[in-house]
There are 2 protein chains.
Amino acid sequence: MNDDATATRYATASGPEAAYRRLTARFGRLAVLGEAQSMLHWDASAMMPPGGAAARGEQLATLAGLGHAMLTAPEVADDLAAVGAAVGAGAAVAGEWEGANLALIRRAHARAVALPTTLVEAVERANSACETVWRRAKAESDFALVRPYLAEVVRLQRETATALGEALGLDPYDALMDGYQPGIGAADVAPVFAAYEAFLAEALPEAEAIQARRRAPVQPVPPFPAEAQRVLCRLVTERMGLDYDHARLDESLHPFCGGTPTDVRITTNYDESDYAKALLGVIHETGHALYERGLPEAWARQPVGEAAGMAAHESQSLIMEMQAALSDAFLGWLGPVLHGRFGGEAAAYAPANLAALWRQVGRGFIRIEADELTYPAHVILRFRLERALIGGSLEVADLPGAWNEGFRAAFGIVPPDDARGCLQDIHWHDGAFGYFPSYTLGAMAAAQLMAAARRDLPEMDAALGRGEMLPLVGWLRERVHAQGSRLGFQDLLRHATGKPLDPADFLAHIRRRYLTA
Amino acid sequence: MNDDATATRYATASGPEAAYRRLTARFGRLAVLGEAQSMLHWDASAMMPPGGAAARGEQLATLAGLGHAMLTAPEVADDLAAVGAAVGAGAAVAGEWEGANLALIRRAHARAVALPTTLVEAVERANSACETVWRRAKAESDFALVRPYLAEVVRLQRETATALGEALGLDPYDALMDGYQPGIGAADVAPVFAAYEAFLAEALPEAEAIQARRRAPVQPVPPFPAEAQRVLCRLVTERMGLDYDHARLDESLHPFCGGTPTDVRITTNYDESDYAKALLGVIHETGHALYERGLPEAWARQPVGEAAGMAAHESQSLIMEMQAALSDAFLGWLGPVLHGRFGGEAAAYAPANLAALWRQVGRGFIRIEADELTYPAHVILRFRLERALIGGSLEVADLPGAWNEGFRAAFGIVPPDDARGCLQDIHWHDGAFGYFPSYTLGAMAAAQLMAAARRDLPEMDAALGRGEMLPLVGWLRERVHAQGSRLGFQDLLRHATGKPLDPADFLAHIRRRYLTA
């Protein structure tokens with residue numbers, strides 16, 4: 001689609017069809033602007049020299065400002081009104097994809113206009129100030145340092161949540177969640193989380209006991225040269241179907257997947273004393289990358305052509321990392337490959353040893369180091385606390401106490417300091433409230449998708465045993481990636497697996513992997 | 001300066017001061033947008049996987065379109081009218097820098113509004129189509145292939161030149177030149193070029209005769225590993241004062257300097273059979289980079305804070321490459337350093353041998369491979385032909401013949417094919433007419449600046465002999481870089497050297513280096 005030509009052709013026409021065409025042209029330009037921002041973000045993390053940071057901040061803020069102006073221009077409301085209810089059979093905006101696209105355009109516009117520019121700017125300033133102070137507060141484990149900044153962030157997030165909630169007819173916290181995973185609110189996750197807590201209370205001691213009875217795994221002997229790790233990561237990602245004509249793999253402090261659907265950029269960092277961090281991290285990010293690569297080209301740069309939300313995204317990284325790569329079948333292929341690359345004692349790379357090394361469970365303080373079994377408990381604690389912070393029943397001053405109390409309830413231990421407690425994550429200190437549930441929703445969805453793929457593809461595990469990820473990836477492309485945002489999270493799962501989110505598959509997976517002696 | 005705050009404060013105020021503040025806020029945002037474009041250009045050349053090209057084209061076009069809309073918005077004309085003649089002592093826009101800034105804002109606006117959007121878009125499409133076909137035409141040395149595309153490019157450049165010329169009160173070709181080096185037109189360069197041609201007619205045979213009487217230089221023996229070259233380039237650029245907290249050195253097919261003043265990005269490519277290409281190329285690009293780094297911070301993101309034009313820019317790369325790095329003094333330091341890095345026979349790295357290797361003259365067909373003595377003749381041929389193309393006295397169909405005729409007149413030889421003739425450069429095939437003179441103006445200005453620096457800094461050559469570039473760089477920072485665009489090209493030279501462009505210093509340099517037995 002040539003957006004400019006479209007925009008010109010429909011620039012002055014009236015009627016719902018012309019209005020819809022103007023909206024899609026505008027959202028196309030917005031998406032292009034978003035691509036530019038994404039590239040500049042990637043560059044800031046992976047390439048930029050430190051002296052470029054201030055200018056980069058201005059560049060990103062300016063592009064964000066232009067995008068916001070484009071999204072909230074009065075013409076958008078006019079065109080949305082003109083398009084009106086003209087959706088449906090025989091209408092100007094016919095077809096399921098068009099209808100879904102229009103609904104997403106409405107939603108993006110509603111979210112943008114709900115917030116006064118002054119509030120948006122205050123949020124950005126407060127987040128940025130808090131994040132800067134947080135880095136020092138975390139390093140010094142000094143919550144008092146960041147407390148007033150975080151209080152301001154929370155105050156503005158409450159205001160934001162209230163404004164969004166009013167505009168969207170949602171509870172304030174749900175309005176924030178909706179920004180990360182459309183259509184999913186606290187009521188969807190609270191019972192799932194409660195059930196998992198009950199399950200974990202018995203499962204964790206049991207898994208620990210099973211683990212304690214096993215022989216300790218053989219540790220591989222470092223160093224693992226960065227260059228060898230790089231070659232290995234490239235090999236594995238190519239087997240996953242990542243096409244380097246449309247992708248790069250680079251290094252950055254915090255690994256991530258950025259870029260655009262035709263030019264995805266994944267990053268990692270190589271620890272020469274532990275190759276598994278980069279390898280599993282790159283497999284994870286490649287899951288994200290494959291989702292972006294597989295989005296429907298026909299709807300590129302339209303809201304309906306985007307990924308279906310952060311929980312959906314996390315399901316795609318976790319299905320590759322936790323479900324596929326850590327499967328017995330794939331480890332059977334991977335072990336000898338690793339041994340061939342790194343040499344040393346074969347026992348350290350025996351598939352069963354890799355499984356023992358990479359599936360250890362335990363009671364750690366740090367979410368990002370947590371195992372698959374306990375990870376949800378870290379998320380659940382944050383979900384409960386951030387909901388209380390936004391709802392007003394918890395104040396920032398009381399956060400460290402509430403954190404430690406909640407942590408003890410979940411794990412029976414208390415963080416020795418706030419750096420390993422409520423200061424560990426960047427999210428809240430950067431204004432991201434309502435995001436955490438996506439991690440666990442994604443993990444559960446990944447297990448559900450894997451179970452469905454296994455039913456649909458009887459040969460899938462045999463293929464994984466030969467190091468072949470493509471049968472699974474092909475299934476995901478069709479069932480998930482190619483759907484874009486046509487379906488909400490629950491409908492997407494229904495489409496792909498025959499049912500909405502059902503934690504049973506995740507529980508079955510956990511039982512098989514951690515609770516079988 | 002906080003542009004947003006400024007813009008807000010003056011958003012609705014009337015009067016010349018408020019109008020000027022609105023203009024500077026708008027041009028600040030335009031500059032930030034330009035920075036984003038520059039980074040995306042750099043990424044496209046140095047990082048982007050091939051599959052990202054189409055999307056990148058859209059991103060750059062969208063940002064260019066937003067910038068054009070920002071520059072041509074009706075408010076700009078209103079504000080320029082409001083600011084009126086209110087410049088000068090006691091006026092709202094007082095001070096030399098402010099006055100120069102306002103003049104540059106007026107000029108940028110006048111150039112932008114002179115061209116209808118339809119013409120700008122047609123130019124972009126025609127350039128892009130022609131450039132694509134040109135790559136094949138050059139590879140196959142088939143001018144007929146590109147002829148219709150180039151004819152369209154020329155047609156649109158004539159139209160552009162006429163529109164700009166009318167708006168600016170300039171001859172059409174001068175209006176194009178003015179886009180690259182403000183204030184310089186054909187009348188400035190034609191006599192200089194004619195004099196050089198006359199000089200060269202005698203100087204070239206003489207230089208060739210002198211060279212023929214010398215012993216052939218010792219060739220260094222490859223390979224020169226890319227990694228060793230990279231380390232060497234980094235070392236030399238650091239001695240030039242390039243600060244890698246604000247810079248990167250990467251690889252790309254065609255070396256260039258991009259990025260922003262606080263984050264410059266230079267590129268090269270390493271030929272393991274010839275280390276000198278990357279080394280001298282990187283020194284050249286570092287000259288550009290140091291200019292950007294040295295622009296006045298107080299005027300960052302304002303027109304007056306930008307570099308003073310392409311000839312001025314080229315003077316900064318050439319003074320580092322041709323004047324400083326190729327000086328006897330610097331080669332005296334560099335020779336042993338190179339030998340230490342690459343090993344092998346010491347004779348190949350003896351300073352006098354490096355001078356003989358790197359200062360060879362000859363009659364080659366290719367501009368970018370030409371020596372310092374004959375390079376201007378390549379430029380002069382192009383200047384004459386492009387002026388005739390824009391003026392209408394030469395048609396594209398007659399270009400190959402005119403090229404070959406002109407080449408024979410200059411060098412006494414005729415290119416064996418168009419690939420080594422009129423197809424060799426990208427410039428015209430990408431719509432860049434009026435650019436070529438900048439190369440030779442820059443070379444002449446570099447010699448003039450070097451002569452002045454040598455007068456001002458009696459110790460400069462001794463420092464170069466110790467590999468110290470900083471005295472020269474410091475002088476350039478003060479006399480050239482820190483001036484931004486406060487002064488036009490001629491006034492900048494007058495400020496730095498006491499006189500406007502005077503080819504005498506270049507001729508003296510050429511005589512010393514090439515015409516002394």
Side-chain angles (χ1 to χ4, degrees), chain A residues 1-5 7-8 28-40 42-44 46-63 65-67 69-70 117-118 121 124-125 242-250 259-265 293 300-301, chain B residues 1-5 7-8 28-40 42-44 46-63 65-67 69-70 117-118 121 124-125 242-250 259-265 293 300-301:
Chain A
M1 172 167 43
N2 180 328
D3 287 339
D4 287 340
T8 306
R29 283 197 306 281
L30 264 169
V32 172
L33 212 54
E35 292 177 6
Q37 290 169 268
S38 179
M39 283 298 164
L40 293 171
W42 169 83
D43 181 88
M47 294 290 152
M48 188 180 73
R56 183 58 47 84
E58 285 293 317
Q59 293 152 23
L60 288 168
T62 298
L63 294 185
L66 285 168
M70 225 185 264
T117 308
T118 50
E121 287 172 0
E124 272 176 32
R125 274 195 300 274
L242 190 63
D243 165 8
Y244 281 93
D245 271 358
H246 289 280
R248 282 184 63 97
L249 168 60
D250 294 279
T260 73
T262 59
D263 183 359
V264 289
R265 309 274 173 112
R293 292 282 305 125
R301 294 177 172 151
Chain B
M1 172 164 48
N2 181 328
D3 288 340
D4 286 341
T8 306
R29 283 198 305 282
L30 265 169
V32 172
L33 212 54
E35 291 176 7
Q37 289 169 269
S38 180
M39 283 298 165
L40 293 171
W42 169 83
D43 182 88
M47 294 290 152
M48 187 181 74
R56 182 59 47 86
E58 284 293 316
Q59 293 152 24
L60 288 168
T62 297
L63 294 184
L66 286 167
M70 224 187 264
T117 308
T118 50
E121 286 172 359
E124 271 176 32
R125 273 195 300 274
L242 190 64
D243 165 8
Y244 281 93
D245 271 358
H246 289 279
R248 283 185 63 97
L249 168 59
D250 294 279
T260 74
T262 59
D263 183 359
V264 289
R265 309 276 173 110
R293 292 282 306 123
R301 294 178 173 150

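In the text below, chain A, chain B and the rest are named by the order of the sequence lines, each starting its count at 1.
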- Rounded to the nearest 0.5 Å, the CG atom of B/Asp245 sits from the OG1 atom of B/Thr262 at a distance of 11.5 Å

- Task: Select, from A/Gly51, A/Pro50, A/Ala36, the one with the greatest count of heavy-atom pairs under 4.5 Å involving chain B.
- Result: A/Gly51

- Do B/Leu66 and A/Leu33 have side chains that get closer than 4.5 Å, going by heavy atoms? yes

- Message: For B/Arg56, give me all partners under salt bridge (Lys or Arg N to Asp or Glu O under 4.0 Å), at least two apart in sequence or on another chain.
- Response: A/Asp263, B/Asp43

- With only heavy atoms counted, which part of A/Met48 is less than 4.5 Å from chain B, the side chain, the backbone, both or neither? both

- NE2 of A/His246 to OG1 of A/Thr260: how many Å apart, nearest 0.5 Å? 9.5 Å

- To the nearest 0.5 Å, what is the distance between CE (A/Met47) and CZ (B/Arg248)? 5.0 Å

- Output the option from A/Arg265, A/Glu35, A/Met39 having the highest count of non-hydrogen pairs under 4.5 Å with chain B. A/Arg265

- Item | Part of A/Leu60 lying under 4.5 Å from any heavy atom of chain B | neither

- Side chain, backbone, both or neither: which part of A/Ala247 has a non-hydrogen atom closer than 4.5 Å to chain B? backbone

